[in-house]
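Here is the structure we will look at, set down as structure tokens.
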Amino acid sequence: MRIGVYPGSFDPVTNGHLDVIERAALLFDRVIVAVSRNVSKNPLFTVSERVATLQQVLIPYYNVVVDSFDGLTAFYARQQGAQAIIRGLRAISDFETEFMMALTNKKIVSSVETVFLMTRAEYSFISSSAVKELASFGGCVETMVPPLVEQKLREKFAFKVKGEG
């Protein structure tokens, strides 16, 4: 069984993340979407909120499961029996950081490869940070995130998200 781990903060999950997950689900027998407990990022949503949201959004994907983890991704991937760590790339500027991380992970756990998947062009500008900032000012994020995430952002920011799509 080919297992891929797609790690990230997913704070919140965006349509770009979903694009990568959907395509990874075609490449691997099992994809583990792994929410990292990186408190240094000052998350808007708790780990349990992110896990629950991902579980709901990913129901259509029979071979995708959601988990959370602490520590190094390479160690987590090895513990899960994964052959690959999946990383999404939005733009060429992401590549240098991701490339260095992939080399480091390979040095730490040589049996785990890193697979890069480019998001579709229409999602290349979307980041969780930008979504949170836009939503915090009442901007429309409906084309950037799944409907459930849009609803949860509205609840977090306690007003109706508005604007043009």
Side-chain angles (χ1 to χ4, degrees), residues 1-73 76-77 79-90 94 98 115-165:
M1 176 181 278
R2 292 281 171 199
I3 300 171
V5 171
Y6 183 34
S9 58
F10 304 104
D11 185 43
V13 62
T14 68
N15 288 340
H17 293 128
L18 294 181
D19 178 50
V20 170
I21 293 165
E22 180 179 316
R23 289 183 293 121
L26 297 173
L27 297 173
F28 293 91
D29 300 313
R30 183 172 185 218
V31 174
I32 303 168
V33 177
V35 178
S36 64
R37 291 190 173 118
N38 186 346
V39 293
S40 67
K41 285 196 170 187
N42 197 15
L44 176 64
F45 295 97
T46 67
V47 170
S48 60
E49 287 173 321
R50 287 179 270 159
V51 166
T53 299
L54 280 160
Q55 287 171 332
Q56 289 181 348
V57 169
L58 296 173
I59 286 172
Y61 304 96
Y62 72 93
N63 62 335
V64 176
V65 296
V66 181
D67 194 13
S68 62
F69 74 103
D70 287 309
L72 295 175
T73 302
Y76 175 79
Q79 175 189 14
Q80 297 301 312
Q83 288 72 42
I85 296 169
I86 302 158
R87 299 299 296 169
L89 297 174
R90 290 173 295 186
D94 289 346
E98 294 293 342
V115 174
F116 297 110
L117 295 176
M118 296 294 300
T119 59
R120 291 186 189 135
E122 61 264 31
Y123 303 129
S124 63
F125 69 96
I126 300 172
S127 71
S128 293
S129 299
V131 165
K132 287 186 288 192
E133 183 173 0
L134 182 58
S136 75
F137 288 103
C140 180
V141 296
E142 85 176 271
T143 61
M144 299 178 195
V145 297
L148 176 63
V149 174
E150 182 184 17
Q151 173 191 332
K152 291 190 177 295
L153 286 165
R154 270 193 241 117
E155 292 167 6
K156 279 287 184 186
F157 293 116
F159 58 80
K160 191 170 188 168
V161 177
K162 59 186 180 220
E164 292 185 51

Short side-chain to backbone donor-acceptor contact, Asn63 and Ala25, under 3.5 Å: yes

message: Whether the side chain of Arg50 engages the backbone of Phe45 through a donor-acceptor N/O pair (distance < 3.5 Å, no angle test) should be reported.
response: yes

query: How would you list, by chain and number, every residue that makes a salt bridge (charged side-chain N to carboxylate O under 4.0 Å, His left out) with Glu122, sequence neighbours excluded?
result: none

field: Closest heavy-atom pair and its distance - Val141, Val131
entry: CG1-O, 3.9 Å

message: Donor-acceptor pair, distance only, cut-off 3.5 Å: does the side chain of Asp67 make one with the backbone of Ala34?
response: no

statement: Sorted by chain and residue number, the side-chain contact (heavy atoms from CB on, under 4.5 Å) partners of Thr46 (sequence neighbours excluded) come out as Ser48, Glu49

- request: Could you tell me which residues satisfy salt bridge (charged side-chain N to carboxylate O under 4.0 Å, His left out) with Glu133, sequence neighbours excluded, listed by chain and number?
  value: none

message: Taking the side chain as everything from C-beta on, heavy atoms only, tell me whether Phe28 gets closer than 4.5 Å to Val115.
response: yes

query: For Lys132, which residues count as a salt bridge (charged side-chain N to carboxylate O under 4.0 Å, His left out) partner, sequence neighbours excluded?
result: Asp11

query: Can you tell me how far OH of Tyr6 sits from NE2 of His17, rounded to the nearest 0.5 angstrom?
result: 4.5 Å

- prompt: Donor-acceptor pair, Arg90 side chain versus Ile126 backbone, under 3.5 Å?
  reply: yes

- prompt: Can you list the residues that meet the salt bridge (charged side-chain N to carboxylate O under 4.0 Å, His left out) rule with Arg30, with sequence neighbours excluded?
  reply: none

message: Can you tell me how far apart NZ (Lys152) and CG (Leu44) are? Round to the nearest 0.5 Å.
response: 11.5 Å

Straight-line distance of Ser127 OG to Leu134 CG, nearest 0.5 Å: 10.5 Å

message: Distance check, rounded to the nearest 0.5 Å: Ile21 atom CD1 versus Ile32 atom CD1?
response: 12.5 Å

query: Shortest non-hydrogen contact from Pro146 to Val57?
result: CG-CG1, 4.0 Å

statement: Note: Gln83 and Arg2 closest approach over all heavy atoms is CG-NH1, 3.0 Å

- request: Identify the heavy atoms of Glu150 and Val145 that sit nearest to each other, and give their distance.
  value: N-CG2, 3.7 Å

statement: Here the gap from Tyr61 atom OH to Leu18 atom CG, rounded to the nearest 0.5 Å, amounts to 6.5 Å

Minimum-distance pair of heavy atoms, taken over all atoms of Thr73 and Pro7: CG2-CG, 3.6 Å

- prompt: Which residues satisfy the side-chain contact (heavy atoms from CB on, under 4.5 Å) test with Asp70, sequence neighbours excluded?
  reply: Arg37

- prompt: So, does Ser128 use its side chain to make a donor-acceptor pair with the main chain of Pro12 at under 3.5 Å?
  reply: yes

- prompt: Quick one: OG1 on Thr119 to CZ on Arg23, what's the gap to the nearest 0.5 Å?
  reply: 7.5 Å

query: So, do Thr143 and Asn15 sit near enough that their side-chain heavy atoms are less than 4.5 Å apart?
result: no

message: Please give me the minimum heavy-atom distance between Ile3 and Gly81, naming the atom from each residue.
response: CD1-O, 3.8 Å

Within-4.5 Å side-chain heavy-atom neighbours: Val33 and Val51: no

